[in-house]
Every structure is written in C-alpha cells, then in structure tokens.
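All chains are named by letter (A, B, ...) in the order of the sequence lines, taking the proteins before the strands, and each is independently numbered beginning at 1. Remember, it's a predicted structure, so these values are computed and weren't measured experimentally.
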Protein chains: 2
Amino acid sequence: MKFETFKKMVNLSKKAISRELFLENRERIKIKKEGVAVKNLEKIFEAALKISNKKGFSAMSLRELSSEAGLSMGALYTYFSSKDELLDMLQAMGRAVAMRTLIEQISDLTGTQERLRHAIQAHLYLSEVMQPWFYFAYMETKNLNRQEHKKAIEAELFTEKVFSEIIEEGVAEGLFRSVDTALLAAMIKAMLQDWYLKRWKYRRRSVTVEEYATFITGFVEAYLLASGK
Amino acid sequence: MKFETFKKMVNLSKKAISRELFLENRERIKIKKEGVAVKNLEKIFEAALKISNKKGFSAMSLRELSSEAGLSMGALYTYFSSKDELLDMLQAMGRAVAMRTLIEQISDLTGTQERLRHAIQAHLYLSEVMQPWFYFAYMETKNLNRQEHKKAIEAELFTEKVFSEIIEEGVAEGLFRSVDTALLAAMIKAMLQDWYLKRWKYRRRSVTVEEYATFITGFVEAYLLASGK
DNA sequence: GTCTATATCTGGATAGAC
DNA sequence: GTCTATCCAGATATAGAC
C-alpha cells in the first residue's frame, strides 16, 4: 500500500482527532456546543504540540499557548482545568487514536511474512500521519503521572508484542530460523521510532516513508531467513 | 572484550569526568582551588543529571538542584552564571569525554568485520558507563542554543559516519553485499541509542550489555552477508 | 463562551554577611 | 567560598465584565 492510500484510509484529519478528544473528555470540558468545542480543541491541540515539540511541554507557558492557539487564557481554562490535565488529555487522546488504528490495520491478514511486512508499514505510516503526537508522546512520557505513565509503557510493550508474536509464529512454522524474538521485536520498535524522532535526518536525506519501510522489512527478513549461524 | 575490562580501561570515574568539566570550563568557574571545585562539580553534575532525567532540565528548579547537590543557591552560582550555561556545560563536557573515548577506541584496528564489531561494542559500552549523560544529551538536545545544538547534530552524524565508512569499506572489499550504507548506519545508531533510552526495558528483561552487543552484531552481519535477494 | 484584569506563587538571579 | 535573605519577572490559575 502506498502512504497516500493509507492516509486516506485511516482518515485521520486534525479535525477528526479533535472530535475524538472532545468525545473522550466530554465530562471535563465545560463547553457544550460540539462545533465550537471541536474547533477550539483542534487549535489548542495543534498549538500545544507545536510549542512542546520545540521546547518541551514544561517550558511552554500557557500565555504562549494562548497566543499560538488564538484563544485567551480564560478560554483555555474552559477546556482543561490545569496544565497537567492538558498533558494527560493530549497523551490519552493520541494514544487512543493510534492504538485503535493499529489494531484495525493489523487484524484480518493471513500469511506470516505478509503480516510482518504490513505491521511494520502500518506503524510507520501511522507515525507519519500523527508525527507531532508521536514525537510528543515519546519525549513527554517521563512527565506523566503514574497512571498515564504506566499506560504509555503498556502501549509500547503492546506494539512490541505485535511483532514478537508474528515472529514466533514464523519460527513455529519453520519459515524463520530460531531467534531471540523479544530482542528482535525491541529492535524493530527502536527502528520504527527513529523515523519520527529524527525526522530532520531522513528529510535531509530525502528518504521517503515507503523507502524506509522497505529497508526495515528487508533488514529484518534477512536476519530471519539467514541460513546458518 | 568484557564490559568490566572496558570500564577499567577508559577509567571514566565520576571524579574523572568532573575534573574534565573543571578543566574545560576553567575560565567561567570562579573557584580557584581544583580540589574544591572538582568535588562540588561532581555533586552538581550528578544531581543535575539525576533530577533532569526524572523530570526534564527545564522543570528542574535550582532550589531543587541546590538541595540535591548539598550546596546553597549562592554556591551554585559560583560554578555557572545561569541555568542555561549549566545546560551547555553539561552538554559540552559529556560530549567531549564521549567523543575522545570513542575515537581512541575505534582507531588502530585492522580487519573490516573486526572493526565493525568493535565499533558497535565500544559505543554500547561507553553509553553504559555514562548512561545518565547519554540519556540527558538525547532528551535535552532540542533545548540547546543554536551553537550547541549544531554540535550535538554533528556528533550524531560523526558517529554514524564511523559505521557507514566501515560498511562501505567492506562492500568495496567484496566482503559485504551492496547495501544502502547511510540507512544501515542510521539503523545501527537507532539500535545503540535504544539501549540507553529504554534501560527500564532491558533491565526488566535482564539483558546484559554484552548480550545486546552480540545481538546487534549478529543482526547487522546477517544483513551484510546475506546471499541473494 | 470569551475576554481582560488580577491574585498568588514560584522561579532564576544577586547582594552582602560571614 | 559559602550561606541567607531578598528582588522581581514570569508562571498558573481565577474572578467578573461582556
């Protein structure tokens, strides 16, 4: 699948993401009209990621956020009741969208090798569509409260498990040679994360997300299909 | 080489690192007696990394640093003249120690495959000895001023180049098959970085740094030595 | 629903005693 | 060299007008 096809398929426009955010947090948001709320959340969300990814969430002042989002300080506080709550909202919302999309993408596929390729591709494409959020989530994990931090770790281990299970299946089938599946899955994760953590590098070198996906797939398969040793 | 042997060889005790820090910044530090300065810098350095790695440098208050380091606010300011300068000092110092050690380690080795293995191992072992600094440097890069930021990028690309040059050499010799060396080198970097960025994961799984080094070496060699495709 | 104005507190930084 | 006390800018958060 081409990246553009994927993008249309998952249909993760900024507005769609903001609507998710609104619905997920209906109880704590004071605004009642969905249209207004979604429009403003979209602005807050985008502005918060932009500033945080430049200087870190804790260094972002709410004045700055207010000016970047085009809303007053007072208005901001009708969408969340503290800066920490904003952090949790951003984190929880993005994670919910990402996890749901991933699960949708990786189910209903047959053939071990096909599934491995597709899982790698889906992870990469998704992190490309939601790049600012993925970068943010990675960099701010340590600033979350205990509960949210735990969920972030679980999400990392869950997506890793997607890979280790496919690999184990391939080993059981005799398709792949026997390897340390946990370590290999961790390495796949690390490589997938590099794509959104070091965008400057790959952009500078004009590497497309498709090329990157193809490279990783080839790299991993060479290891799994290697003859001896 | 075993990790413990490496550790003794490079002799990077905390005190040694602090002495470097003192010598590198002699002009901006007001304290004249080397003994006093090194002892306190050691405390400041360790405390700053500890707090920053927990909550981020910008969220660390100097009062907190002062209490963790066991020095008053006033005393802190005889070692640096602003919080930003402290950030730059930490960054510059660690980078200088790391780069020098790496260059020492990777020179004077013959045999392409041997050099590749050794480079991977040296990077990992070094990041293990200086783990708090490596984690800090990665997470705080975006908060550096333009000049320091540029140097951090250069250091990343320099170490990447170490790998791509060895690989290119191997390809020229006909030892390795022809691959995208830039991408492969970037992937090696990403995997090496995961070791110090996600220590919790590898500790939880009781993976030793030697095992990790062996795994990556095998992974990369399988790709470089793969037959067809 | 949104704004402006303001209360309150915490942070970085420094002066001056010892 | 180090400490305590203090200044003041800038932060989060809220009150009340519109």
Checking side chain to side chain donor-acceptor pair (under 3.5 Å) for the pair Gln193(A)/Gln193(B): CA distance, chi angles, key distance, verdict?
CA-CA 11 Å; Gln193(A) 287 174 334; Gln193(B) 287 174 333; over 6 Å; no
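- Distance alone, capped at 3.5 Å, places no donor-acceptor pair between the Thr5(B) side chain and the Met1(B) backbone.
- For Ile31(B), the side-chain atoms get nearest to dT2(D) when compared with the rest of dA13(C), dT2(D), dT12(D).
- Within the 4.0 Å cut-off from OP1 or OP2 of dT2(C), at least one side-chain nitrogen or oxygen of Tyr79(A) is found.
- One interatomic measurement links the two molecules: CD of Glu64(A) to C1' of dA13(D), which rounds to 17 Å at whole-angstrom precision.
- Atom NZ of Lys32(B) is surrounded by more than 12 heavy atoms from other residues, nucleotides or ligands within 6.0 Å.
- The CG atom of Asn40(A) sits 9 Å away from the C1' atom of dG1(C) (whole-angstrom rounding).
- Contact check, Tyr77(A) against dT14(D): no side-chain N or O comes under 4.0 Å of OP1 or OP2.
- Ranked by how close their nearest DNA chain C nucleotide is to the 5' end, Ala59(B) and Gly74(A) are led by Gly74(A).
- As rounded to whole Å, 9 Å separates atom P of dT12(D) from atom CZ of Phe57(A).
- With rounding to whole Å, Ile44(B) atom CD1 is found 12 Å from dG1(D) atom C1'.
- Here Ser61(A) lies in heavy-atom contact (under 4.0 Å) with sugar-phosphate atoms only.
- With distances taken from any side-chain atom of Leu62(B) to the nucleotides dC3(D), dG12(C), dA13(D), the minimum falls on dG12(C).
- Here the P atom of nucleotide dT14(D) and the CD atom of Glu85(A) are 11 Å apart, to the nearest Å.
- Rounding to whole angstrom units, CZ of residue Phe80(B) and C1' of dT2(D) are separated by 14 Å.
- Within the nucleic acid shown, Lys30(B) has no heavy atom closer than 4.0 Å to any nucleic acid atom.
- Minimum atom distance to the side chain of Lys83(A) is reached by dA13(D), of the listed dT2(D), dA13(C), dA13(D).
- In terms of position on DNA chain D, the residue among Arg63(B) and Lys32(B) whose nearest nucleotide sits closer to the 5' end is Lys32(B).
- Within the 6.0 Å centre-distance limit, the rings of Phe3(B) and Tyr125(B) are counted as a close aromatic pair.
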Under the side chain to side chain donor-acceptor pair (under 3.5 Å) criterion, do Asn145(B) and Asp84(B) qualify, and how do the steps go?
CA-CA 9 Å; Asn145(B) 62 47; Asp84(B) 270 355; over 6 Å; no
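- For the pair Leu76(A) CG and dT2(C) P, the computed distance is 11 Å after rounding to whole Å.
- Whole-Å rounding puts the Met73(A) CE to dA7(C) P distance at 15 Å.
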